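Index from 1, following the sequence. The shown structure was predicted, so the numbers you read here are calculated from the model rather than taken from an experiment.
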Amino acid sequence: MEKAQNMPTELMAYVLRMTQCSTLGLHELVNKIYANLLEEVFEGIELHAKKDGSEVPCKILKILDSDGTKMCEVGWLRRDKTLINTSVVKAADLVYRRAPVSRNTLKIFIRDSATQTTPWVIHENLAKKYGIPTDPPSDIMHYEGLRKKGRKREENGTIENGRKKMKKDEGHVPIKYPIDDLLVRPGGDDPTLFKRPPLATDFRVPRCSVGDLLMVWDFCSSFGRVLNLSPFLLTDMENAICHKESNVLVVEIHAAMFHLLIKDKGDYFTVLQNKKRKLKVSLVTWAEYLCDFLEMTKNEELSSNIATIRRGYYGHIDTDIKLKILHELVEEAIKTSAIREILSERVDQKQALNATRRESTRKDREEQNLNTETAMKNEENQTDAVQDGNETVDELARGKEEKDKSNVSQSKTEGKRHLVRHLETEFDKLSIRSSPLGKDRHYNRYWFFRREGRLFVESADSREWGYYSTKEELDALMATLNVKGIRERALKRQLEKFYNKISNALEKRTKDIVNKMLLEEGVLRRSTRVRAQPKDNPSMAFLKYVNKWKDN
């Protein structure tokens with residue numbers, strides 16, 4: 001990603017021009033651009049040039065044109081990439097040992113620069129910056145025009161023998177679905193005409209910070225054992241972060257992260273040693289360790305809050321800043337050897353489970369083929385016996401034997417189903433990162449976390465979030481996805497694949513909310529007779545949090 005972002009300006013512009021409105025798939029487009037780059041020169045790239053009978057590394061500083069001959073001013077490079085001196089050489093004397101950018105970097109750059117595929121369309125701001133036309137070329141416009149004309153004739157009833165009338169010079173351009181979602185022109189009964197269910201947006205944290213909240217909570221939930229941090233609900237964390245005073249849940253989350261960084265003996269450990277801090281974070285001293293961390297990050301937006309934290313007013317910091325601090329802590333925690341080891345172990349375990357699953361599938365297929373062959377032979381034998389009219393005692397015995405085998409086979413099938421369920425459960429446990437289920441036509445991302453009974457939706461620019469929380473909303477959403485589009489087809493398949501898991505989680509959360517409301521009503525009735533304690537209110541449940549996995 002860093003290499004993609006640091007590509008020379010001229011090279012970026014060239015790649016973007018080749019990408020804009022291309023109808024090639026990503027693999028073919030990357031190969032085409034890569035091949036072209038081996039024949040082009042750009043200011044800022046490093047390559048080799050012929051000098052005194054040998055090929056010497058250099059950097060193109062300027063491209064010149066001398067009487068129709070392309071010349072380049074190059075700087076000769078030492079091994080440490082510093083310039084020795086400059087010369088003017090012919091472009092023909094430049095030598096590419098490889099393209100100035102790898103295929104993998106091209107893939108990342110193209111994906112990051114485009115808003116859609118088939119055809120590729122780059123971000124409007126990039127097109128404007130590099131002077132790239134945004135209007136589609138005539139061949140794509142002609143294709144769209146044919147489709148529109150065809151629809152118009154169909155609407156006017158000009159249909160002959162079940163087919164549209166087409167002039168000889170127009171031809172007929174069939175549409176092969178799926179295509180890019182934004183190119184889909186929905187028919188009268190297409191699901192995109194149905195209204196998508198509205199999203200709930202009643203978050204307590206700013207909507208632009210929901211991504212940080214989910215990221216931190218998911219990390220703590222996934223690596224609770226190594227953090228020595230027992231699980232907590234997402235809503236409890238949200239309420240704790242928004243609370244105007246420091247509280248036990250917020251302190252335990254920070255302390256767990258600090259202890260992980262201390263055990264890793266990295267940069268944070270060195271900072272504490274230089275300050276002669278004790279290597280044990282307590283509920284009283286945690287704010288000092290937080291200030292040390294903020295100083296280490298050298299992030300001005302975050303470190304500007306150090307004075308407020310030192311005065312004991314952590315709770316008064318803006319909620320979005322609190323979550324950005326935790327986000328930064330998670331980024332550091334991911335780099336520790338303890339987390340890396342767990343990730344490596346889980347990858348190995350997943351590969352082993354995959355191998356078991358493949359072997360089980362192969363055996364199932366072989367057994368199914370064998371059972372089919374046996375059943376066909378038995379059917380033939382029974383038909384012959386009936387035709388001959390002389391079914392013997394031996395044949396009756398064989399029939400009973402086959403029935404017994406069938407019962408055994410059913411038992412085996414039941415055992416295999418149990419194995420598949422077990423493998424899926426184990427896969428769930430080994431989940432090492434959360435990924436979106438997919439995207440809709442407008443590039444909104446859909447997220448489901450196995451420990452949280454909501455289906456979250458993130459806008460394409462990550463600034464807006466919402467969620468669905470009922471099975472009815474899930475069903476309504478799925479009914480509106482148009483499978484003629486590439487993204488919505490893939491999203492619908494994922495939602496269908498995990499439908500039972502998601503719908504069960506949504507229904508469980510709905511029941512929990514009902515129980516919570518009943519509990520709140522009970523607290524309210526009791527508070528009219530006896531002064532209720534704040535901790536009795538379910539929305540303040542985070543005040544009761546106890547870290548049961550704490551390393552003492």
Over all heavy atoms of both residues, which pair between [X] and [Y] is shortest? Give the atoms and the distance, please.
X	Y	value
A333	L260	CB-CD2, 3.7 Å
A338	V226	CB-CG2, 3.9 Å
C242	V205	SG-CG1, 3.8 Å
S222	R346	O-NH2, 3.3 Å
L543	N247	CD2-CB, 4.1 Å
F293	I325	CE2-O, 4.4 Å

Decide, yes or no, whether a salt bridge links [X] with [Y] under the criterion of side-chain N to carboxylate O below 4.0 Å.
X	Y	result
E488	R196	yes
K263	D551	yes
R493	E496	no

Checking [X] now: which residues fulfil salt bridge (charged side-chain N to carboxylate O under 4.0 Å, His left out) with it, not counting sequence neighbours?
X	value
D348	none
E507	none
R207	E464
K492	none

Worksheet item: Any chance CZ of R204 has more than 12 other-residue heavy atoms, nucleotides or ligands included, within less than 6.0 Å?
Response: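 Check passes, neighbour count above 12.
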Item to complete: Decide if atom CD of E245 counts as having more than 12 heavy atoms of other residues, nucleotides or ligands within a radius under 6.0 Å.
Response: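 Open: at most 12 neighbouring heavy atoms sit under 6.0 Å from CD of E245.
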Practice prompt. Mind running side-chain hydrogen bond (donor to acceptor under 3.5 Å, both in side chains) on N482 and R441 for me, showing each step along the way?
Written response: CA-CA 9 Å; N482 194 328; R441 65 182 281 124; over 6 Å; no
For residues 312-321, which side-chain N or O atoms pair as donor and acceptor with protein atoms under 3.5 Å away, sequence neighbours left out?
none

Practice prompt. Check the pair W286, V251 against side-chain contact (heavy atoms from CB on, under 4.5 Å), reporting the backbone distance first and the verdict last.
Written response: CA-CA 7 Å; W286 77 281; V251 174; 3.5 Å; yes
Discussion item. Could you work out, with side-chain hydrogen bond (donor to acceptor under 3.5 Å, both in side chains) as the rule, every residue matching D440, not counting sequence neighbours?
Written reply: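 Result, side-chain hydrogen bond (donor to acceptor under 3.5 Å, both in side chains) vs D440: N444, Y446.
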Is there a donor-acceptor pair under 3.5 Å between the side chain of [X] and the backbone N or O of [Y]?
X	Y	result
T201	G466	no
N504	N500	yes
W217	T235	no
H327	V216	no
W120	L24	yes
T356	A352	yes
D218	L214	no
T285	V281	no

Please examine the side chains of [Y] and [X], heavy atoms only from C-beta on, and report whether any two atoms are closer than 4.5 Å.
X	Y	answer
P133	Q20	no
V271	D267	no
V248	V546	no
F542	V250	no
K439	L491	no
M237	I241	yes
Q116	D181	no
L477	E473	no

Worksheet item: Is there a donor in the side chain of S230 and an acceptor in the side chain of Y545, or the other way round, less than 3.5 Å apart?
Response: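 The criterion, which ignores hydrogens and geometry beyond distance, is satisfied for Y545 and S230.
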Item to complete: Consider only side-chain N and O atoms of S462 and R445, and report whether a donor and an acceptor are under 3.5 Å apart.
Response: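 R445 and S462 do have a side-chain donor-acceptor pair below 3.5 Å.
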With sequence neighbours excluded, residues passing ring pair (Phe, Tyr, Trp, His ring centres under 6.0 Å) with [X]:
X	value
Y268	F258
F219	F223
F448	none
F203	Y467

Discussion item. Less than 6.0 angstrom from the centroid, inside 45 degrees of the normal: does R487 satisfy that with respect to the ring of Y443?
Written reply: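 Yes, R487 lies over the aromatic ring of Y443.
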Item to complete: Decide side-chain contact (heavy atoms from CB on, under 4.5 Å) for L126 and I132; before the verdict, give the C-alpha distance in whole Å, the side-chain angles of both, and the deciding distance to 0.1 Å.
Response: CA-CA 8 Å; L126 287 174; I132 297 168; over 6 Å; no
Report the distance from atom [atom1] of [X] to atom [atom2] of [Y], rounding to the nearest 0.5 Å.
X	Y	atom1	atom2	answer
T510	E472	OG1	CD	7.5 Å
D475	S503	CG	OG	7.5 Å
K278	I262	NZ	CD1	13.0 Å
M257	L261	CE	CG	8.5 Å

Worksheet entry | Of all pairs that satisfy salt bridge (charged side-chain N to carboxylate O under 4.0 Å, His left out), the ones with a partner from residues 219-242, not counting sequence neighbours |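 The answer is none; no pair qualifies.
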Discussion item. Filter on side-chain hydrogen bond (donor to acceptor under 3.5 Å, both in side chains), then keep only pairs touching residues 291-300, sequence neighbours left out; what's left?
Written reply: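 Residue pairs with at least one partner in residues 291-300: K275-D292, K275-E295, R277-D292, E295-R310.
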Item to complete: Report the C-alpha distance between D461 and S459 in whole Å, list the side-chain angles of each, state the deciding distance to 0.1 Å, and finish with yes or no for side-chain hydrogen bond (donor to acceptor under 3.5 Å, both in side chains).
Response: CA-CA 5 Å; D461 60 5; S459 66; 2.6 Å; yes
Discussion item. As a quick check of understanding, evaluate side-chain hydrogen bond (donor to acceptor under 3.5 Å, both in side chains) for S22 and T19, giving each step before the final call.
Written reply: CA-CA 5 Å; S22 172; T19 301; over 6 Å; no
Worksheet item: In terms of ring plane angle, is the pair W465 and W447 parallel, tilted or perpendicular, where the classes change at 30° and 60°?
Response: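 Ring orientation, 0 to 90° scale: tilted.
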Practice prompt. Kindly determine whether Y499 and K471 satisfy side-chain hydrogen bond (donor to acceptor under 3.5 Å, both in side chains), including the steps that lead there.
Written response: CA-CA 10 Å; Y499 179 79; K471 184 174 176 291; 3.2 Å; yes
